[in-house]
Amino acid sequence: MQVVSKDFKYQSLEHYLIDMINSGRFHVGEKLPSLRDVSQKMHVSLATVTHAYMELEKKGVIEARPRSGYYVRQKVAPLPIPDSPEHDVQMGKLSRTQLIQTVLGIVGEKGMLPFGCICADSSLLPHKALARIMNSVLRTYGQDVMGYESIQGNSLLRKQVGWRMQEHGCKVTGNDVLVTFGAMEALYLALRSTTRPGDNVVIQSPTYFCFLQLLENLGLRAIEVASCPTNGISPRDLDRAFSRFDIAACILAPNFNNPDGALIPDTVKQEIVTLCESYKVPLIEDDVSGDLYCDADGRPRPLKSFDSKGNVIHCSSFSKTISPGFRVGYMIPGKKMNKALEIKATTNVSCSTPTQLAIGKYLEEGLYDRHLRKLRTSICNQRTMMQQYLPEYFPEGTRATQPKGGGVLWVELPKSVDGTKLFFDVKKHNISIAPGAIFSTSESFSNFIRLSCVGFWNDAMRAGLETIGRLANEQVEQKP
């Protein structure tokens with residue numbers, strides 16, 4: 001039988017062998033055919049078979065035994081999913097600044113194993129295509145790219161973003177898009193456009209720690225509503241928050257929330273959009289991870305796709321998918337466009353022309369979707385590997401999420417483990433993680449950590465994960 005597929009030959013063989021194992025043709029502990037036998041039977045080269053076996057070994061499907069061959073590895077049951085936090089809707093105290101700054105200080109630091117930063121490994125980013133396009137932009141537009149861009153952003157880029165949003169079900173055009181300096185500026189402009197110091201803002205719990213810092217810097221108060229690791233925030237809890245507090249705005253990450261990876265079902269998204277409209281609460285949507293889905297159902301819909309009155313302010317960027325260094329983000333402010341433009345003009349006037357044009361051309365050439373397919377596959381593969389090794393390396397009682405996309409795993413450790421101490425312990429070994437304490441204003445997540453999936457897996461990453469688990473086990477053993 002010959003392997004025929006659109007994948008590389010070694011990937012086709014890899015998929016074939018996995019199917020054979022899953023169907024029971026090869027059982028746990030059973031020896032697989034030799035490399036030479038497979039090469040002859042499948043009509044592929046010995047190098048192809050070797051590559052396929054090595055990939056299966058990396059993924060923990062098979063194991064090599066010295067002077068014996070390859071054997072089917074014992075399957076490890078996935079860890080249970082963490083429980084939702086058992087706290088009521090509450091007003092939080094923002095006091096995590098120093099720890100957040102310490103965590104952010106590691107971002108971009110060379111030599112650190114990157115379990116703490118949500119950023120695809122540079123080897124997976126389209127640097128060659130962007131270099132070619134940037135050179136073309138500089139040659140073609142010459143002096144025109146040296147001046148200020150319009151406040152709203154480059155027209156080509158806005159047009160391309162508008163088309164992509166239409167593909168996701170949003171009734172917008174390029175004229176509705178405002179280009180920003182990354183997603184964080186988009187969120188800053190959204191909050192400045194909808195709130196005043198002292199206002200209450202609803203957030204998920206847990207939520208991205210930079211949201212908490214942004215709220216603190218703007219003098220806003222966080223109202224935390226619990227997020228379920230599978231289905232995200234509940235409209236019932238959101239309604240309770242709106243009823244109990246005077247809410248000025250609501251920030252949600254509906255698609256693969258950072259850090260718990262929660263995905264709000266589409267039917268619930270519709271309900272949330274309608275609820276916010278009824279209370280006249282602006283709904284700010286962070287959708288930076290929406291393109292990083294792994295589920296066969298495809299890209300989940302943004303909240304903006306259910307918005308007919310301009311009440312949803314959609315925020316996103318290309319930092320997680322194309323280039324964090326380009327700092328190209330965007331927002332669809334809806335009814336707040338004029339206010340957002342006013343604040344943008346007095347903040348940094350406009351964003352860089354060359355990088356906007358480069359991203360716009362990259363989208364125009366149709367390269368983005370092809371790149372996303374490879375990036376999603378790499379990130380999903382790494383997450384699968386980490387999920388397989390967590391039960392082996394981490395303390396008994398550990399729980400971990402099983403997200404359908406995004407780039408993180410949210411890990412609940414035994415109560416005796418202090419996630420912040422673990423952060424500093426692993427930092428000494430040149431490993432970065434994110435402690436759970438910075439993702440909430442409450443104390444609900446002190447024994448949690450967030451592990452990032454940057455899209456590659458090797459022996460160093462495996463050893464790093466083993467070290468994190470070993471240090472967590474040491475905390476458990478030290479407790480009386």
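- Side chain to side chain, D239 and Y279 meet the donor-acceptor criterion of an N or O pair below 3.5 Å.
- Counting only heavy atoms from C-beta outward, the side chains of L275 and L283 never approach each other to under 4.5 Å.
- Smallest separation of non-hydrogen atoms from S452 and G116: OG-C, 3.6 Å.
- By the 4.5 Å heavy-atom criterion applied to side chains, Y362 and F318 are not counted as neighbours.
- Using modelled atom types, one finds no donor on one side chain facing an acceptor on the other under 3.5 Å when comparing D260 with Q204.
- Within a 6.0 Å sphere centred on CD of E396, heavy atoms belonging to other residues, nucleotides or ligands number 12 at most.
- Remark: side-chain polar atoms of Q166 are not paired, donor with acceptor, to backbone N or O of K171 under 3.5 angstrom.
- Pairing each heavy atom of T180 with each of C351, the nearest pair is C-SG, 3.3 Å.
- A distance-only check finds a donor-acceptor pair linking the side chain of N257 to the backbone of P206 [under 3.5 Å].
- The six-membered or imidazole ring of Y53 lies near that of Y70, with a centre-to-centre distance under 6.0 Å.
- Of the possible donor and acceptor atoms, none in the side chain of T420 sits under 3.5 Å from a partner among the backbone N and O of P435.
- Listed here is the closest heavy atom pair of H168 and R301: O-CG, 4.2 Å.
- Using modelled atom types, one side-chain atom of D307 and one backbone atom of V312 make a donor-acceptor pair closer than 3.5 Å.
- A heavy-atom distance below 4.5 Å is found between the side chains of L413 and P395.
- Judged by distance alone, with hydrogens and angles left aside, the side-chain atoms of T401 form no donor-acceptor pair with the main-chain N or O of P403 at under 3.5 Å.
- Crowding of F181 atom CZ: a count of heavy atoms from other residues, nucleotides or ligands under 6.0 Å not exceeding 12.
- Side-chain contact of T321 with Y368: a donor-acceptor pair under 3.5 Å is present, judged by distance alone.
- Note that the OG atom of S317 and the CZ atom of F326 stand 13.0 Å from one another [nearest 0.5 Å].
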Checklist line | Steps toward side-chain contact (heavy atoms from CB on, under 4.5 Å) verdict (R240, D237) | finding: CA-CA 5 Å; R240 288 169 57 206; D237 292 340; 3.1 Å; yes
Next item on the list: Decide yes or no on side-chain contact (heavy atoms from CB on, under 4.5 Å) for I332 and C170, but give the supporting numbers first.
Entry: CA-CA 10 Å; I332 302 172; C170 302; 5.8 Å; no
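- Between atom CD of residue Q388 and atom CG of residue L465 there is a gap of 11.5 Å, rounded to the nearest 0.5 Å.
- A463 meets the side-chain contact (heavy atoms from CB on, under 4.5 Å) test with no other residue; sequence neighbours excluded.
- Counting only heavy atoms from C-beta outward, the side chains of F306 and D266 approach each other to under 4.5 Å.
- A salt bridge does not link D369 to R299: none of the charged side-chain nitrogens sits closer than 4.0 Å to a carboxylate oxygen.
- With a 4.5 Å cut-off on side-chain heavy atoms, V273 and E277 count as touching.
- For E285 (side chain) and P254 (main-chain N/O), no donor-acceptor pair under 3.5 Å exists by modelled atom type.
- A donor-acceptor pair is defined here as one N or O able to donate and one able to accept, closer than 3.5 Å; such a pair exists between the side chain of R376 and the backbone of D291.
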Item checked: side-chain contact (heavy atoms from CB on, under 4.5 Å) evaluation trace for V426 with F115 -> CA-CA 10 Å; V426 303; F115 287 109; over 6 Å; no
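- Listed by chain and residue number, nothing satisfies the side-chain contact (heavy atoms from CB on, under 4.5 Å) test with S446 (two or more places apart in sequence, or in another chain).
- The backbone N or O of Y393 lies less than 3.5 Å from a partner atom in the side chain of N473, making a donor-acceptor pair.
- Using a 4.5 Å cut-off on side-chain heavy atoms (C-beta onward), L409 and L390 make contact.
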Next item on the list: Kindly determine whether I223 and I247 satisfy side-chain contact (heavy atoms from CB on, under 4.5 Å), including the steps that lead there.
Entry: CA-CA 9 Å; I223 306 298; I247 303 298; 3.9 Å; yes
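- In D459, the CG atom is not crowded: 12 or fewer heavy atoms of neighbouring residues, nucleotides or ligands sit closer than 6.0 Å.
- Counting only residues at least two apart or on different chains, no side chain to side chain donor-acceptor pair (under 3.5 Å) pair has a member in residues 429-439.
- The two residues Q475 and L422 have their closest heavy-atom pair at NE2-N, 3.5 Å.
- The shortest side-chain heavy-atom distance between L215 and L191 falls under the 4.5 Å cut-off.
- Taking the six-membered ring for Trp and the full ring otherwise, F256 and Y293 have centroids separated by 6.0 Å or more.
- In this structure a side-chain-to-backbone donor-acceptor pair under 3.5 Å is present from Q356 to N154.
- Under a 4.0 Å N-O distance rule, the pair E474/R470 qualifies as a salt bridge.
- The minimum heavy-atom distance linking P414 with N447 is given by the pair O-CB, 3.7 Å.
- Although no hydrogens or angles enter the test, the distance criterion places a donor-acceptor pair under 3.5 Å between the side chain of R399 and the main chain of I81.
- A salt bridge links R462 with E466; the closest basic N to acidic carboxylate O contact falls under 4.0 Å.
- When all heavy atoms are compared, the tightest approach of K269 to P300 is NZ-CB, 3.8 Å.
- By the neighbour-count criterion of 12 heavy atoms within 6.0 Å, atom CE of M54 is sparsely surrounded, having that number or fewer from other residues, nucleotides or ligands.
- Contact annotation: the side chain of Y188 approaches that of T347 to within less than 4.5 Å [non-hydrogen atoms, C-beta and beyond].
- Rounding to the nearest 0.5 angstrom, the gap separating the CD1 atom in I431 from the CG atom in D425 is 10.5 Å.
- Relative orientation of the F211 and Y208 rings is perpendicular, given thresholds of 30° and 60° on the angle between their planes.
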